[in-house]
Amino acid sequence: GDKEQTVCALLTVLNLRQFASLSWPKTLSSALLQKAKKHADADTQRKLKSLLGDRTDCKEGEEVGLMLIERFANLPPQLIPALHKCLQEDIDWSCTTAECPLDERPFYHF
């Protein structure tokens, strides 16, 4: 008979400003800007630099995040939209629930 298979996937967003004290946001931003310098026009480079630069005074809804997604080969592609919907629901929940610490909530307004 058919063996039951476990289907697994991960989808999350890490806020660049929330983790600014760590090295990876700066390293990632620098690498992206270097690629843009080589492959993008001046306007795109300017916009990217604006997005990845100093974000200490960004307004609600202007957060920048790194989206990470990984799925096993057996995850049907039809489930990908549902994963994205769940991510949005999780972000909305984090912005409104009392369970999310108040000092973290501002980082979830993408």
Open item on the list: Please determine whether residues I91 and I69 belong to a single hydrophobic cluster, defined as Ile, Leu, Val, Met, Phe, Trp and Tyr linked transitively by side-chain heavy-atom distances below 4.5 Å.
Closed with: yes
TODO: Give me the other members of the hydrophobic cluster that L14 sits in, counting Ile, Leu, Val, Met, Phe, Trp and Tyr linked by side-chain heavy atoms under 4.5 Å, directly or via other members.
DONE: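 Besides L14, the hydrophobic cluster comprises L16, F19, L22, W24, L28, L32, L33, L48, L51, L52, V64, L66, L68, listed by chain and residue number.
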Open item on the list: I'd like to check H39 versus T44 (side-chain heavy atoms, cut-off strictly below 4.5 Å). Are they in contact?
Closed with: no
Task: Whether S94 side chain and D90 backbone form a donor-acceptor pair below 3.5 Å - done: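 Pair found, side chain donor or acceptor close to backbone of D90.
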Task: More than 12 heavy atoms from other groups under 6.0 Å of CD on E89 - done: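 Correct, the count exceeds 12.
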Task: Within 6.0 angstrom of K49 NZ, more than 12 heavy atoms from elsewhere - done: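 For K49, atom NZ is not crowded (no more than 12 foreign heavy atoms under 6.0 Å).
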- [ ] Report the C-alpha separation of L87 and M67 in whole Å, then their side-chain angles, then the decisive distance to 0.1 Å, and conclude whether the side chain to side chain contact (heavy atoms under 4.5 Å, CB included) test is met.
- [x] CA-CA 10 Å; L87 176 63; M67 181 182 283; 3.8 Å; yes
Anything under 3.5 Å between a donor and an acceptor, one on a side chain of residues 103-110, the other on a protein residue two or more places apart or in another chain? List them.
residue	atom	partner	partner atom	Å
E104	OE1	Y108	OH	3.0
R105	NE	T97	O	3.3
R105	NE	C100	O	3.1
R105	NH2	T97	O	2.5
R105	NH2	C100	O	3.2

Task: side-chain hydrogen bond (donor to acceptor under 3.5 Å, both in side chains) against D43, all qualifying residues, sequence neighbours excluded - done: R46, K47
- [ ] Would you give the length of the straight line joining atom CD of Q34 to atom CD of Q45, rounded to the nearest 0.5 angstrom?
- [x] 9.5 Å
TODO: Please report the shortest heavy-atom distance between P77 and P81, naming the atom on each side.
DONE: O-CD, 3.7 Å
